[in-house]
Every structure is written in structure tokens, then in C-alpha cells.
Amino acid sequence: QVQLVESGGGLVQPGGSLRLSCAASGTTFSINIVAWYRQTQGLQREWIAMRLIAGASNYADSVKGRFTASIDNAQNTGYLQMSNLQLEDTAVYYCKTVIRRRDYWGRGIQVTVSS
């Protein structure tokens with residue numbers, strides 16, 4: 001069974017940084033794409049970042065210039081480096097990959113930005 005597990009979340013102060021990890025297991029396929037989303041309670045899930053292992057990437061305006069997505073092929077893990085975190089970045093963060101045209105989602109991890 002394919003599983004994605006996010007880690008690295010927690011509580012940080014405004015202006016701080018966190019790096020989220022998205023570890024894939026249960027598959028013989030190397031992940032070629034990792035997308036990141038976030039959701040605040042009561043709101044729609046928001047796409048924020050996408051990274052292809054070939055190098056292409058894209059970001060939502062809300063995080064562009066502050067967040068950087070990457071993929072470590074050896075560890076089959078995606079990463080989201082988050083810098084200059086702001087109060088409005090508080091959300092549950094999710095990663096997603098696509099294997100053979102099927103979406104797989106992580107369970108989500110809380111990021112809280114508070115002074």
C-alpha cells in the first residue's frame with residue numbers, strides 16, 4: 001500500500017523557518033512529482049507548490065519567494081522548505097504524489113505560526 005507521511009511541522013514564531021518532509025513508502029516506483037497543499041479549518045484546500053524531479057516547479061502567489069519544494073530521489077522523499085513564515089501560513093499541510101495516474105495523499109501535518 002502506498003503511503004505518504006508528512007513530518008517536520010510544529011510551532012514557530014513569525015519570521016521563522018520549517019522544513020516539511022513527505023516520505024513515500026509502499027511502492028517500487030520513485031516519485032516523480034510532489035505537490036503541496038494547505039487547509040485552514042472551514043476553508044477549501046489550497047494548492048501552494050509543485051515540484052517535478054526533473055526540475056520544474058511552480059508556486060502559489062501566497063508563498064512564492066518564501067517556500068521551496070524539492071525531491072530527494074535517493075530517499076524517495078519530497079521536501080518543502082518554508083522561510084519567513086507568517087501568521088497566515090498557519091494551516092494543516094498536505095503532500096500529494098501521482099503514481100500511474102493515481103493520486104496519493106499524506107494525512108496532513110499542522111504548522112502553527114504564532115508569537
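The basis for the numbers below is simple: all heavy atoms, side chains too, and nothing from hydrogens, waters or symmetry mates. For clarity, every value in this text was computed on a predicted model and none was experimentally measured.
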More than 12 heavy atoms of other residues, nucleotides or ligands under 6.0 Å from [atom1] of [X]: is that the case?
{"X": "Gln13", "atom1": "CD", "result": "no"}
{"X": "Asp61", "atom1": "CG", "result": "no"}
{"X": "Arg45", "atom1": "CZ", "result": "yes"}

[X] versus [Y]: any side-chain heavy-atom pair under 4.5 Å?
{"X": "Thr97", "Y": "Thr27", "answer": "no"}
{"X": "Val63", "Y": "Arg38", "answer": "yes"}
{"X": "Val113", "Y": "Gln86", "answer": "no"}
{"X": "Gln110", "Y": "Thr90", "answer": "yes"}
{"X": "Ser25", "Y": "Val5", "answer": "no"}

Joint cluster assignment, Leu87 & Leu18, ILVMFWY side-chain distance < 4.5 Å: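 Leu87 clusters together with Leu18.
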Enter the distance from [X]:[atom1] to [Y]:[atom2] here, rounded to the nearest 0.5 Å.
{"X": "Arg19", "Y": "Thr68", "atom1": "CZ", "atom2": "OG1", "result": "12.0 Å"}
{"X": "Asp89", "Y": "Thr40", "atom1": "CG", "atom2": "OG1", "result": "9.5 Å"}
{"X": "Glu6", "Y": "Leu20", "atom1": "CD", "atom2": "CG", "result": "8.0 Å"}
{"X": "Asn32", "Y": "Ile99", "atom1": "CG", "atom2": "CD1", "result": "9.0 Å"}
{"X": "Arg66", "Y": "Ser17", "atom1": "CZ", "atom2": "OG", "result": "10.0 Å"}

Side chains of Glu46 and Ser62, donor plus acceptor under 3.5 Å: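 There is such a pair (donor and acceptor under 3.5 Å, judged by atom type) between the side chains of Glu46 and Ser62.
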Aromatic ring pairing Phe67/Tyr93, orientation class (parallel under 30°, perpendicular over 60°, tilted between):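 Because their plane-to-plane angle lies in the 30° to 60° range, the rings of Phe67 and Tyr93 count as tilted.
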